K.L.:
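Okay, here's the structure, questions in a sec.
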There are 2 protein chains.
Amino acid sequence: MSQRRTKPSSSASDPGSGEAAIDASFLESLLGYNARRAALVIIERFLDRMSVYGLRPVDFSTLSLVAHNPGITSRQLCAALGILPPNLVRIVADLDKRGLVQRKPHPTDGRAIGLHLSVEGRKMMREAEATVRALEDSASSRLTAEERLTLMSLLQKIYKP
Amino acid sequence: MSQRRTKPSSSASDPGSGEAAIDASFLESLLGYNARRAALVIIERFLDRMSVYGLRPVDFSTLSLVAHNPGITSRQLCAALGILPPNLVRIVADLDKRGLVQRKPHPTDGRAIGLHLSVEGRKMMREAEATVRALEDSASSRLTAEERLTLMSLLQKIYKP
DNA sequence: TATTGTTATACTCTATAACTATA
DNA sequence: TATAGTTATAGAGTATAACAATA
């Protein structure tokens with residue numbers, strides 16, 4: 001899934017169109033299918049609008065957690081985001097190379113490294129978080145504010161412990 | 001994301017736990033984040049319970065669409081599932097090798113190939129669809145029937161044209 | 001002995017270009 | 001010329017094993 005673009009019209013001249021359209025009613029009765037499709041639509045929009053910052057979803061999530069949890073460790077980031085430690089190494093290293101995060105020795109645990117946003121990182125994230133809010137509003141423009149809150153509450157009932 | 005297993009407890013002895021836990025409230029206010037997390041939890045459960053059939057989510061979705069749309073073409077499957085044509089080739093080829101689907105020449109378009117479920121395919125999908133229903137019910141056990149319908153309706157307002 | 005961060009690596013998923021056969 | 005199916009391949013994402021340093 002997650003194609004770049006979907007053809008605006010697949011017309012009625014498709015082969016096999018004795019039936020007007022494809023019946024996907026079974027799949028559309030599944031939460032997993034619906035949640036994945038919705039997530040991919042929003043992620044696609046994210047990719048479009050966040051490319052100016054050079055931030056993929058995982059970069060943004062990482063920076064956002066560091067912003068709101070200064071001194072957070074890689075291990076904690078992995079647990080919070082569901083990323084495996086070996087896969088976080090390059091993500092953090094790249095953000096460090098770009099001067100967005102800084103690694104400081106952990107105050108009490110010599111094995112761990114605390115992560116902090118740099119001044120640049122803070123500045124970028126103020127803009128980036130506002131952009132994400134705007135993009136989410138636009139992606140959910142067919143929902144009322146109340147429906148949006150209901151939707152998030154119901155989703156969290158599924159994935160939160 | 002989508003780790004195999006999450007540690008049951010990350011205890012309070014994590015380094016940097018002056019604050020009790022990580023603040024993910026910003027991310028948790030985003031639809032994209034919530035939809036993705038929920039989808040991954042359900043997909044993880046899918047992987048567990050559907051492994052007996054040897055069906056990944058994409059195999060199941062493909063077979064389900066073929067089941068309910070006999071004669072559907074690869075192109076139509078790609079459009080319905082958001083898969084790119086080169087990536088569907090092996091999926092269909094493998095299902096064919098396993099004797100679950102059959103390819104028949106399209107009645108009116110010589111370029112296209114109509115897909116149909118074999119007798120075995122139909123038998124497996126009757127079981128598999130029931131298993132998916134059960135797995136979805138268990139994954140959404142903290143939702144009422146009404147909440148479940150509301151959730152799907154709201155998700156479709158995001159991704160459906 | 002267990003955990004943090006890391007390297008190396010394999011596997012899966014997704015994407016692009018280009019070809020053929022038919023429309 | 002455009003479309004259906006296909007091949008080959010590149011790139012991103014995700015997984016496991018194993019290591020050094022510290023607890």
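Since this is a predicted model, take the numbers as computed values, not measurements. In what follows, chains carry the letters A, B, and so on, assigned in the order in which the sequence lines appear, proteins first and then strands, with residues in each chain numbered from 1.
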K.L.:
Any ion pair linking Lys157(B) and Glu147(A) (charged N to carboxylate O, less than 4.0 Å)?
P.N.:
yes
K.L.:
Taking the nucleotide of DNA chain D with the nearest heavy atom to each, does Leu88(B) or Arg56(A) sit closer to the 5' end?
P.N.:
Leu88(B)
K.L.:
Any Lys/Arg nitrogen of Glu28(A) or Arg37(A) sitting under 4.0 Å from an Asp/Glu carboxylate oxygen of the other?
P.N.:
no
K.L.:
Indicate whether any N or O donor in one side chain lies under 3.5 Å from an N or O acceptor in the other, for Arg49(B) and Thr131(B).
P.N.:
no
K.L.:
With side chains defined as the heavy atoms from C-beta onward, is the minimum distance between Glu120(B) and Met125(B) less than 4.5 Å?
P.N.:
no
K.L.:
Between Leu117(B) and Ala67(B), what is the shortest heavy-atom contact and its length?
P.N.:
CD2-CB, 3.4 Å
K.L.:
Could you run down the sub-3.5 Å N/O contacts of the protein with nucleotides 18-23 of chain C?
P.N.:
from, atom 1, to, atom 2, distance (Å)
dA23(C), OP1, Gly110(B), N, 2.8

K.L.:
Bend angle of the helix from dT1(C)-dA23(D) to dA23(C)-dT1(D) from five-pair axes at both ends, rounded to 10°?
P.N.:
10°
K.L.:
Arg103(B) side chain N/O closer than 4.0 Å to the phosphate oxygens (OP1, OP2) of dT6(D)?
P.N.:
yes
K.L.:
By nearest atom, which of the nucleotides dA4(D), dG5(C), dT14(C) is closest to the Asn87(B) side chain?
P.N.:
dT14(C)
K.L.:
Backbone N or O of Val58(A) within a donor-acceptor pair of the Ser61(A) side chain at under 3.5 Å?
P.N.:
no
K.L.:
Report yes if a side-chain nitrogen or oxygen of Arg90(A) is closer than 4.0 Å to either non-bridging phosphate oxygen (OP1 or OP2) of dA12(D); otherwise report no.
P.N.:
no
K.L.:
So that I can tick it off, tell me whether Arg45(A) and Asp48(A) are bridged by a salt bridge, with the cut-off set at under 4.0 angstrom between side-chain N and carboxylate O.
P.N.:
no
K.L.:
Side chain of Arg36(A), heavy atoms from C-beta onward: which of dT16(D), dT14(C), dT6(D) has the nearest atom to it?
P.N.:
dT14(C)
K.L.:
By nearest nucleotide on DNA chain D, pick out whichever of Val92(B) and Pro57(A) is the more 5' one.
P.N.:
Val92(B)
K.L.:
Looking for any heavy atom pair under 4.0 Å, which part of the strands does Ile113(B) touch: base, sugar-phosphate only, or nothing?
P.N.:
sugar-phosphate
K.L.:
To the nearest Å, give me how far apart CG (Asp59(A)) and P (dA12(D)) are.
P.N.:
12 Å
K.L.:
Quick one about Tyr159(B) and Asn34(A) (side-chain donor to acceptor, distance below 3.5 Å, no hydrogens or angles considered), yes or no?
P.N.:
yes
